[in-house]
Amino acid sequence: RAILSVTKRKSKTVLLILMFCVIGNMVLAGFAIQSATAKVGDLARQKLGGSVSIDIDQEKLQTKSKDDSSPSPRLNMKDMDKLKSLEHVKAYNYLTNSMAMADNFKPIKEKNENENENENEDETNQQVGMVKMGDNGEPEVQKTPDISINGTLFSDLYPAFTEGKNKLVEGRHLTRSDEGKNVTMINKKLADANNLKLGDKIKIKDTGKGEKPLDLEIVGLFTDDKTDQTPMMDAFSSMTPSNTIYTPNSVASLMDSSSKDTFTFKKAIYFLDDPINMENFKKAIKNSGIALDDFKIDAQDSLYKQMM
């Protein structure tokens, strides 16, 4: 009977078949779109990336410094290297910032349009800083640093470069193989002002008494985006972007008065394969057994949260 019914009502049968085909195709198309959307979302999320940083907890440090005069805590390279082998880590970087004095070159002095400074006074007035008691009980004027040092394991992963604020224009970036070597990347504006080029050496020294200058070979030149320039930066040479140099952490640590240990640093950043793994990675750090009581673990996930 079913066969007879179908054969007798051919037009109705064809219409039903066409309707089922259309509905079936629409359902399959819906599944395909849903799958494609999910894949695009995954790719966008992974391309967006995410990172987890381990940095000094400034609130704890301020509270602790009231009762303790010990130097600020630092991260140990041996301990942090254990974390770079954890699951989902695709890259990492260690950072140390410090300051120094220029020795055989002149830092850039930014001038406002309304300023008319006497350049002959720069040598004597520019570096005057705070007064402190010397070893003989006499007051001494401590010179103000005029160079900022960004110590890094991989300069191409330093925030200023990953965010596009700095751009390498000559030479090469710093890598882990440069640790322990006296090399540096300097701003092209600073190089041009002092007739410096790749392969030349600059001398820097810390503000400590009797310290010998440190020779650094220039291996890279970079330019900076001056959109972040502020009047405060113009007032202090060390805060001027043109007077910022990049060095291995070993060099930055030598210039840091709080520590001379070249195998320690102030901040570690781990770049993950997918932002969705950040919370699990933070748990893995806390379960690693590494003492991080004076540090905070932050997930750089603001863009990921906006996307979600």
Side-chain angles (χ1 to χ4, degrees), residues 42-43 45-58 60-61 72-98 149-166 168 172-185 219-220 222 246-256 258-305:
D42 290 342
L43 290 174
R45 189 183 66 239
Q46 292 170 6
K47 186 176 181 180
L48 181 65
S51 63
V52 174
S53 65
I54 303 176
D55 201 357
I56 298 173
D57 190 326
Q58 295 296 337
K60 283 187 178 180
L61 182 62
S72 61
R74 297 175 71 89
L75 295 168
N76 183 280
M77 184 174 291
K78 185 177 180 181
D79 288 337
M80 294 299 101
D81 277 349
K82 296 177 182 178
L83 300 180
K84 70 182 177 66
S85 301
L86 293 177
E87 189 178 8
H88 304 303
V89 176
K90 67 176 184 179
Y92 65 98
N93 202 9
Y94 305 149
L95 312 178
T96 298
N97 61 295
S98 58
I149 303 176
N150 289 337
T152 180
L153 207 60
F154 301 98
S155 59
D156 61 330
L157 294 179
Y158 199 89
F161 284 97
T162 58
E163 295 170 4
K165 295 179 180 178
N166 287 352
L168 181 71
R172 65 172 178 85
H173 273 290
L174 301 178
T175 66
R176 180 163 186 152
S177 62
D178 290 314
E179 282 297 317
K181 299 178 182 178
N182 294 343
V183 293
T184 184
M185 292 169 55
V219 298
F222 66 92
Y246 290 87
T247 71
N249 284 301
S250 53
V251 173
S253 294
L254 286 175
M255 295 293 115
D256 187 356
S258 66
S259 175
K260 298 295 183 181
D261 189 343
T262 57
F263 293 98
T264 62
F265 40 89
K266 297 179 179 180
K267 184 176 183 178
I269 304 177
Y270 298 91
F271 302 92
L272 307 185
D273 55 2
D274 194 321
I276 202 171
N277 298 316
M278 285 190 284
E279 288 304 318
N280 288 335
F281 184 70
K282 288 172 63 177
K283 291 179 182 177
I285 294 176
K286 294 176 181 178
N287 296 331
S288 65
I290 300 174
L292 297 171
D293 295 337
D294 295 323
F295 297 86
K296 61 180 180 180
I297 304 172
D298 281 339
Q300 313 302 317
D301 57 357
S302 57
L303 292 177
Y304 169 62
K305 288 182 177 178

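In what follows, residues are counted from 1 in the order of the sequence shown.
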Undergrad: Are D57 and F295 packed together at the side-chain level, in the sense that at least one heavy-atom pair is separated by less than 4.5 angstrom?
TA: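 No, side chains not in contact.
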Undergrad: So, using side-chain hydrogen bond (donor to acceptor under 3.5 Å, both in side chains) as the criterion, who are the partners of T184 when residues are at least two apart?
TA: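 Applying side-chain hydrogen bond (donor to acceptor under 3.5 Å, both in side chains) to T184 gives none.
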Undergrad: Could you state the interatomic distance from NZ (K78) to OG1 (T264), rounded to the nearest 0.5 Å?
TA: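 The distance works out to 15.0 Å.
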Undergrad: Not counting sequence neighbours, which residues clear salt bridge (Lys or Arg N to Asp or Glu O under 4.0 Å) with K84? List them please.
TA: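 Salt bridge (Lys or Arg N to Asp or Glu O under 4.0 Å) check on K84 returns nothing, list empty.
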Undergrad: Looking at residues at least two apart in the chain, or sitting in another chain, which of them share a side-chain hydrogen bond (donor to acceptor under 3.5 Å, both in side chains) with Y94?
TA: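 Here the qualifying residues are D81.
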Undergrad: To the nearest 0.5 Å, tell me how far L95 CG sits from N249 CG.
TA: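 The CG atom of N249 is 7.0 Å from CG of L95, to the nearest 0.5 Å.
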Undergrad: Looking only at heavy atoms, what is the nearest atom pair of S253 and T96, with distance?
TA: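 Reported closest heavy-atom pair: OG-CG2, 4.2 Å.
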Undergrad: Could you pull out the closest heavy-atom pair between F161 and M185, with the gap in Å?
TA: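 That closest heavy-atom pairing would be CZ-CE, 3.7 Å.
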Undergrad: What pair of heavy atoms forms the shortest contact from L272 to K90, and how long is it?
TA: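 That would be O-CE, 3.4 Å.
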Undergrad: Between the side chain of K296 and the main-chain N/O of K60, is any donor-acceptor distance below 3.5 Å?
TA: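 Flag not set: sc K296 to bb K60 has no pair under 3.5 Å.
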Undergrad: Using side chain to side chain contact (heavy atoms under 4.5 Å, CB included) as the criterion, list what pairs up with E87, not counting sequence neighbours.
TA: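 Side chain to side chain contact (heavy atoms under 4.5 Å, CB included) list for E87, sorted by chain: empty.
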Undergrad: Return the set of residues passing side chain to side chain contact (heavy atoms under 4.5 Å, CB included) with D55 (not counting sequence neighbours), or none when no residue passes.
TA: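 With sequence neighbours excluded, D55 shows a side chain to side chain contact (heavy atoms under 4.5 Å, CB included) to K267, given in chain and number order.
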Undergrad: For residues 149-161, which residue pairs pass the side-chain hydrogen bond (donor to acceptor under 3.5 Å, both in side chains) check, not counting sequence neighbours?
TA: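 Qualifying pairs: N93-T152, N150-Y158, S155-H173.
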Undergrad: Measure across P275 and G50 and return the closest heavy-atom pair with its distance rounded to 0.1 Å.
TA: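 Result for this residue pair: CG-N, 4.0 Å.
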Undergrad: Not counting sequence neighbours, which residues clear side chain to side chain contact (heavy atoms under 4.5 Å, CB included) with K282? List them please.
TA: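 Partners of K282 under the side chain to side chain contact (heavy atoms under 4.5 Å, CB included) test: V52, E279, I297, A299.
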Undergrad: Is any side-chain heavy atom of D178 less than 4.5 Å from a side-chain heavy atom of T247?
TA: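 With C-beta onward as the side chain, the pair stays apart.
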Undergrad: Checking T162 now: which residues fulfil side-chain hydrogen bond (donor to acceptor under 3.5 Å, both in side chains) with it, not counting sequence neighbours?
TA: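 Not a single residue meets the side-chain hydrogen bond (donor to acceptor under 3.5 Å, both in side chains) criterion with T162.
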Undergrad: If the condition is side-chain hydrogen bond (donor to acceptor under 3.5 Å, both in side chains), which residues does S177 pass it with, not counting sequence neighbours?
TA: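 Once residues adjacent in sequence are excluded, the partners of S177 under the side-chain hydrogen bond (donor to acceptor under 3.5 Å, both in side chains) criterion are T175.
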Undergrad: Could you check whether any side-chain N or O of S98 sits under 3.5 Å from a backbone N or O of A252, counting only pairs where one atom can act as donor and the other as acceptor?
TA: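 Flag set: sc S98 to bb A252 pair under 3.5 Å.
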Undergrad: Which atom pair, heavy atoms only, marks the closest approach of P248 to V183?
TA: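 Scanning both residues completely, I find the closest heavy atoms to be CD-O, 3.2 Å.
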Undergrad: With a 3.5 Å distance limit and no angle check, can you tell me whether E179 reaches the backbone of L153 through a side-chain donor-acceptor pair?
TA: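 Not at all, since once roles are kept as given, no pair shorter than 3.5 Å links the two residues.
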Undergrad: Can you tell me how far the CG atom of L86 sits from the OH atom of Y92, to the nearest 0.5 Å?
TA: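 Result: 13.0 Å between the selected atoms.
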Undergrad: Using the test side chain to side chain contact (heavy atoms under 4.5 Å, CB included), find all partners of A91 that sit at least two apart in sequence or belong to another chain.
TA: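 Scan of A91 (side chain to side chain contact (heavy atoms under 4.5 Å, CB included), adjacent residues dropped) gives L157, F271.
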Undergrad: Under a 4.5 Å cut-off applied to non-hydrogen side-chain atoms, are I285 and I290 in contact?
TA: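 No, their side chains stay 4.5 Å or more apart.
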Undergrad: Checking side chain to side chain contact (heavy atoms under 4.5 Å, CB included) between I54 and each of D79, I269, L292, which is the one that passes?
TA: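 It is L292, the one option of D79, I269, L292 that forms the side chain to side chain contact (heavy atoms under 4.5 Å, CB included) with I54.
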Undergrad: I'd like to check M80 versus F265 (side-chain heavy atoms, cut-off strictly below 4.5 Å). Are they in contact?
TA: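 The answer is yes, as the side chains (C-beta and beyond) meet within the 4.5 Å cut-off.
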